There are 2 protein chains.
Amino acid sequence: MSEQQVGGPQLSRGEFGLLILGLLGRREMYGYEIVAELRRSTEGAIDLPEGTVYPALRRLERDGLIGGHWVEMAGNAPRRRYYRLTQQGEKALAAGREDWLRFKSAADAVLGS
Amino acid sequence: MSEQQVGGPQLSRGEFGLLILGLLGRREMYGYEIVAELRRSTEGAIDLPEGTVYPALRRLERDGLIGGHWVEMAGNAPRRRYYRLTQQGEKALAAGREDWLRFKSAADAVLGS
DNA sequence: ATGGCGTACCTAGAGTCTCTAGGTAGGTCG
DNA sequence: CGACCTACCTAGAGACTCTAGGTACGCCAT
């Protein structure tokens, strides 16, 4: 519990998963929206292909960090699967934020930035 | 060349490789030393096992970013393979630093830190 | 009416990286 | 003698990311 380590099987691993949790920490979103919102809110710096995001969402749901539910749209618009954080996901996000802060200063120390 | 993107096949990919380049940007080092120095200079926040570092060094050398040479030690002490950045490695480090800065602000934007 | 683009979901497979769990070989210390 | 340190190494499993598609529908311009 007092492990202050990140390099192990932490970041640079499920890093993108953490970013998705970060977005979902704000509000419910669906996959296609996450792709766009990630691109938008990072000004294009992070632009994940759908082939990365959809499997990541499946993993996060499988691991109980997010919960998804289908929403039928009016007319013939394609249905959406909205995701929100579970309680476990909230905890994972909090822990992930701390890992990120630690990793960030560690990497800055090494890279001299 | 004007690509301002990191999420692609960039960070969270060869992230640890970049950290190794960062260390080698300071001075020549050998594998076992890198493991220790990484742990030391990040105060334990990043503690890569040898099984991660040695293969990473081989990849970096294979890709021409670092060059290694054996140094025999006095007595029966085990020999060391010292690595230094190549010119290409210097460029990769510079590019990697920029990628890191971009990724950092992007992730901060998403994680709200 | 046809091709292009947009919404929204999905997958298989290849490639890459990280970690575990060892192994080699010698040295020191109690 | 056993434990631990320096240094290097590897194979294999597991995990993640990306490419390159596919499905299905709607809208718009030519």
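Here is the naming used below: chain letters follow the sequence lines, and residue numbers restart at 1 for every chain. Values in this document were obtained by computation on a predicted structure and should not be read as measured data.
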_Polar side-chain atom of R102(A) near backbone of A45(B) as donor-acceptor pair, under 3.5 Å_ = no
*Looking at R40(B) and E37(B), does any basic side-chain N land under 4.0 Å from a carboxylate oxygen?*
yes
Shorter than 3.5 Å, N or O on both sides, protein versus nucleotides 27-30 of chain C: list them out with atom names.
| residue | atom | partner | partner atom | Å |
| --- | --- | --- | --- | --- |
| dG27(C) | OP1 | N76(B) | ND2 | 2.7 |

*Which residue pairs pass the ring-ring contact (aromatic ring centres under 6.0 Å, His included) test when at least one of the two sits in residues 54-87 of chain B, sequence neighbours left out?*
Y30(B)-Y82(B)
*Could you tell me the separation between the CZ atom of R59(A) and the C1' atom of dT17(D), rounded to a whole number of Å?*
8 Å
*Under 4.0 angstrom, heavy atoms only, what part of the nucleic acid is R79(A) near: base, sugar-phosphate, or nothing?*
sugar-phosphate
*Would you kindly give the NE2-to-P distance between H69(B) and dC8(D), to the nearest whole Å?*
12 Å
*Find the distance Y32(B):OH to dA25(C):P and express it as a whole number of Å.*
18 Å
*Closest-nucleotide 5' rank along DNA chain C - winner of R58(A) and R62(B)*: R58(A)
_When you measure from the side-chain N and O atoms of R80(A) to the phosphate of dT7(C), is any distance below 4.0 Å, counting only OP1 and OP2?_
no
*Under a 4.5 Å cut-off applied to non-hydrogen side-chain atoms, are L19(B) and L111(A) in contact?*
yes
_Check this one for me: any side-chain N or O of Y54(A) less than 4.0 Å away from OP1 or OP2 of dC10(C)?_
no
_Atom-pair distance (CD on E50(A); P on dC16(D)), nearest Å_ = 20 Å
*Take the angle between the ring planes of F103(A) and W100(B) and call it parallel below 30°, perpendicular above 60°, tilted in between.*
perpendicular
*Roughly how many Å is it from CD1 in I34(A) to P in dC9(C), rounded to a whole number?*
9 Å
*Given side chains that start at C-beta, do those of D108(A) and K104(A) come closer than 4.5 Å, heavy atoms only?*
yes
_Heavy-atom donor-acceptor pair, R80(B) side chain to M73(B) backbone, under 3.5 Å_ = no
_Within-4.5 Å side-chain heavy-atom neighbours: L24(A) and R84(A)_ = no
*Taking CH2 from W70(B) and C1' from dT6(D), how many angstroms apart are they, rounded to a whole number?*
13 Å
*Can you find an N or O donor on one side and an acceptor on the other, under 3.5 Å apart, linking the side chain of E15(A) with the base of dC16(D)?*
no
*In residues 24-31 of chain B, which ones come under 4.0 Å of DNA chain D, going by heavy atoms?*
Y30(B), G31(B)
*Specify the separation, in whole Å, of atom CG of L48(B) and atom C1' of dA21(C).*
17 Å
*Report yes if some heavy atom in the side chain of L18(B) is under 4.5 Å from a heavy atom in the side chain of L93(B); otherwise report no.*
yes
*For Y83(B) and dA7(D), give me the distance from atom OH to atom P, rounded to whole Å.*
14 Å
*asked:* Any base atoms under 4.0 Å from R81(B), or only sugar-phosphate, or nothing? Heavy atoms, all strands.
replied: sugar-phosphate
